[in-house]
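Reviewing the structure listed below.
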Amino acid sequence: MQRREFLKSTAAITLGAGLLPLARVLPAAAAPADTIVVAMGATINSLDLQRQGTNRASYQVAVNAYDRLVKFGTKTMPDGSLSYDSSVIEPDLAESWSVAGDGKAIVFKLRPNAVFADGTPVTAEDVKWSLDRAVSLGGFPTTQMKAGLLEKPEQFEAVDEKTFRITLPRASKLTLPDLAVPVPIIINSKVAKAHATVEDPWATEYLHRNTAGSGAFTVERWEPGQQLVYARNDKWTSGKLPQARRVIMREIPSAATRRALIERGDVDLVYNIPDKDAKELKAAGKTKVVSTPIENCVYVLGLNEKFEPFRNKTVRRAMAYAVPYEAIFKTAAYDTGVPMWGADKMDGIAWPQPSPYKLDLDKAKALLAEAGYKDGFTVPFYINLDLVSWMEPTALLIQESLAKIGVKAPIEKIPGANWRTAVSVERRLEMHLEDFGGWLNYPDYYFFWAYMPGTIFNTTNYDNPEVAKLVNLTLDMPVTDPAYAPAIKRMIEIAWEDMPRVPLWQPALSSAMTPKIGGYEYWFHRQPDARPLTKS
């Protein structure tokens, strides 16, 4: 995209009535000092995270335009950058809470000054309606709520205007953290109910296109496929008001164009850049690059047990010994992230952690012969077109290495819009690359999603009764319970022995910004947090 074309494409941006006119908000150098321009590669497809079909890019709206009862804290990483802190739960709309002695009830006291963007007070009735909605709409949001034992509207009670109670079937370490993830947003129920219908009792159509929250920003303008404009909510009381009055999220599909824009200073920040760009921009030194390992996330090679050879764990172990890990990490990850192979011994209950496998073609051949596949076999190898920056070089290197042990793996590319259905819903892809990351930072939580039969991210149809028993044992268990660590270690041992998912590396999320930008913070949901951003 040429600079003239880029400027022309932004001329259509207009602002709401009563606001300062701003005919052109890009390039960043031409924008007011209180406006921050962010470029991102993905398209926001809804303003409502709880609506079925909402994509990951849209999750940012839930954080920037809505509050929750509680939130995660912030920590400083070794490189001086900021990250959310999974170990700290802080007040958000709830100024305090108390947990019953048996852990089966939590009572929240709402902040008396909390108001929605329209000035309406936030009440316990709003909280109840919002959580009722989250557990009733189905799909991923409802499943995420279940992880914290938040399953039925009957569990939620508005005790009085500012007191809210949750009743649980049993105590769980996941309940409070689950209330801090993007899903359980608190919605202005009066606004939502005014736009609800008999056919749409939860106002999904209205909230798909409009926000009704108490968050730091409102959505001033949304043009799907082009941009989303946040305007600061000066009534926000859950934190220090953002410095920026506006944050503009520009959707730029081309990674090369996004890189050119940040190099020229035409945008303030480019979110989630390819590893290659991160490495090269760091070396150039003209922009600030922050790379943060994605907690509880591993890029893996999935070996689907629907495919006859992969029903044999000896074959799966052979495949793990045929992966050229170091070449992949250098070529596809550009040495960004954390290697997940070649461990001499288990690192306690740390997760993710490297497996004991490493490239050994002789061992791979021997295991194939032992399993009855001396001459190899042919298996289709699927990748996601939206993630070709790492999937394609990884697949090509694996394909080349597998050929040396007699396994032919023709590569098939699936459009991003169809990927999740094929890999997670139908779970029909015989061999594929995957990038699942668990939102709650516990190993048992990761295993619940990726190794339990029937769960959406168990893309390999793996089913081991002992693993299922261990997951069910540990999921709600406090990490201080003496039984917890031995159970987690056994779970990891079985995963390495059975090898349905071959770990490649723990990825990092990298973003590039001009030296003027401060306050950038990494979040596990891998979407930009506009609230702390500053521009000097």
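Just so you know, these numbers use all the heavy atoms, side chains as well, and skip hydrogens, waters and symmetry mates.
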Spacing of [X] atom [atom1] and [Y] atom [atom2] [to the nearest 0.5 Å]:
X    : Y    : atom1 : atom2 : value
T74  : W523 : OG1   : CH2   : 6.0 Å
M477 : S172 : CE    : OG    : 11.0 Å
L429 : R427 : CG    : CZ    : 11.5 Å
H432 : T460 : NE2   : OG1   : 6.5 Å
L433 : Y382 : CG    : OH    : 13.0 Å
L269 : M513 : CG    : CE    : 4.5 Å

Does the side chain of [Y] come within less than 4.5 Å of [X]'s, by heavy atoms?
X    : Y    : answer
V70  : W97  : yes
Y442 : V479 : yes
I166 : L179 : yes
N210 : D48  : no
Y230 : V219 : yes
T204 : R133 : yes
F72  : P177 : yes
K71  : S238 : no

Okay, side chain of [X], backbone of [Y]: is any donor-acceptor separation there less than 3.5 Å?
X    : Y    : value
S58  : S46  : yes
S81  : M77  : no
K535 : A244 : no
T142 : A134 : yes
D178 : L174 : no
N64  : A530 : yes
N296 : L440 : yes
N45  : N55  : yes
E251 : G225 : yes
Q155 : L149 : yes

How would you list all residue pairs meeting salt bridge (charged side-chain N to carboxylate O under 4.0 Å, His left out) that involve [range], not counting sequence neighbours?
range            : answer
residues 201-214 : R51-E205, E205-R209
residues 144-163 : E157-R165
residues 59-68   : none
residues 73-85   : K75-E295

Do the side-chain N and O atoms of [X] and [Y] include a donor-acceptor pair separated by under 3.5 angstrom?
X    : Y    : result
T218 : N233 : no
T421 : N418 : no
Q60  : Y271 : no
S136 : D132 : no

*Cationic N near anionic O, under 4.0 Å, R501 to E434*: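 No, no charged N to carboxylate O under 4.0 Å.
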*Are the charged groups of E466 and R490 less than 4.0 angstrom apart, N to O?*
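Yes, charged N to carboxylate O under 4.0 Å.
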_Applying salt bridge (charged side-chain N to carboxylate O under 4.0 Å, His left out) to K173 and D481, what does each step give before you reach the verdict?_
CA-CA 11 Å; K173 67 177 181 290; D481 190 303; over 6 Å; no
Closest contact, heavy atoms only, [X] versus [Y]:
X    : Y    : answer
I252 : R258 : O-NH1, 2.6 Å
Y484 : P478 : CB-O, 3.7 Å
A94  : F108 : CB-CD2, 3.8 Å
A196 : P201 : CB-O, 3.5 Å
E95  : P112 : OE1-CD, 3.6 Å
L69  : I186 : N-CG1, 4.3 Å

*Output, in order, the C-alpha distance, side-chain angles, deciding distance and verdict of salt bridge (charged side-chain N to carboxylate O under 4.0 Å, His left out) for K235 and D118.*
CA-CA 8 Å; K235 297 183 179 70; D118 66 358; over 6 Å; no
*Might you work through the side-chain contact (heavy atoms from CB on, under 4.5 Å) test for L49 and Y66, ending with a clear yes or no?*
CA-CA 11 Å; L49 182 150; Y66 289 91; over 6 Å; no
*Would you say K104 has more than 12 foreign heavy atoms packed within less than 6.0 Å of its NZ?*
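12 or below, so no.
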_Contacts of T175 that satisfy side chain to side chain donor-acceptor pair (under 3.5 Å) - sequence neighbours left out_ =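 Expected list: none.
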*Identify which one of V229, L228, V38 satisfies the side chain to side chain contact (heavy atoms under 4.5 Å, CB included) criterion when paired with I248.*
V229
*asked:* I'd like to know whether I488 forms a side-chain contact (heavy atoms from CB on, under 4.5 Å) with W351, so could you lay out the CA-CA distance, the side-chain angles of the two residues, the decisive distance to 0.1 Å, and finally the verdict.
replied: CA-CA 10 Å; I488 296 299; W351 189 262; over 6 Å; no
*asked:* Could you go through W202 and W129, starting from their C-alpha distance and side-chain angles, then the distance that decides it, and tell me whether this counts as side-chain contact (heavy atoms from CB on, under 4.5 Å)?
replied: CA-CA 9 Å; W202 298 111; W129 188 89; 3.5 Å; yes
*Ring centres of W439 and F140 under 6.0 Å apart?*
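Judged by ring-centre distance (under 6.0 Å), W439 and F140 do meet the cut-off.
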*Fit a plane to each ring of Y451 and F447, take the angle between them on a 0 to 90° scale, and name the class: parallel (under 30°), tilted (30 to 60°) or perpendicular (over 60°).*
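Rings of Y451 and F447: parallel, as their planes differ by under 30°.
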_All side chain to side chain contact (heavy atoms under 4.5 Å, CB included) counterparts of A114, not counting sequence neighbours_ =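 Partners of A114 by the side chain to side chain contact (heavy atoms under 4.5 Å, CB included) criterion, ordered by chain and then number, come out as L93, R111, V122, T237.
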*Applying side-chain contact (heavy atoms from CB on, under 4.5 Å), run through F457 and Y446 and close with a yes or a no.*
CA-CA 10 Å; F457 296 113; Y446 183 97; over 6 Å; no
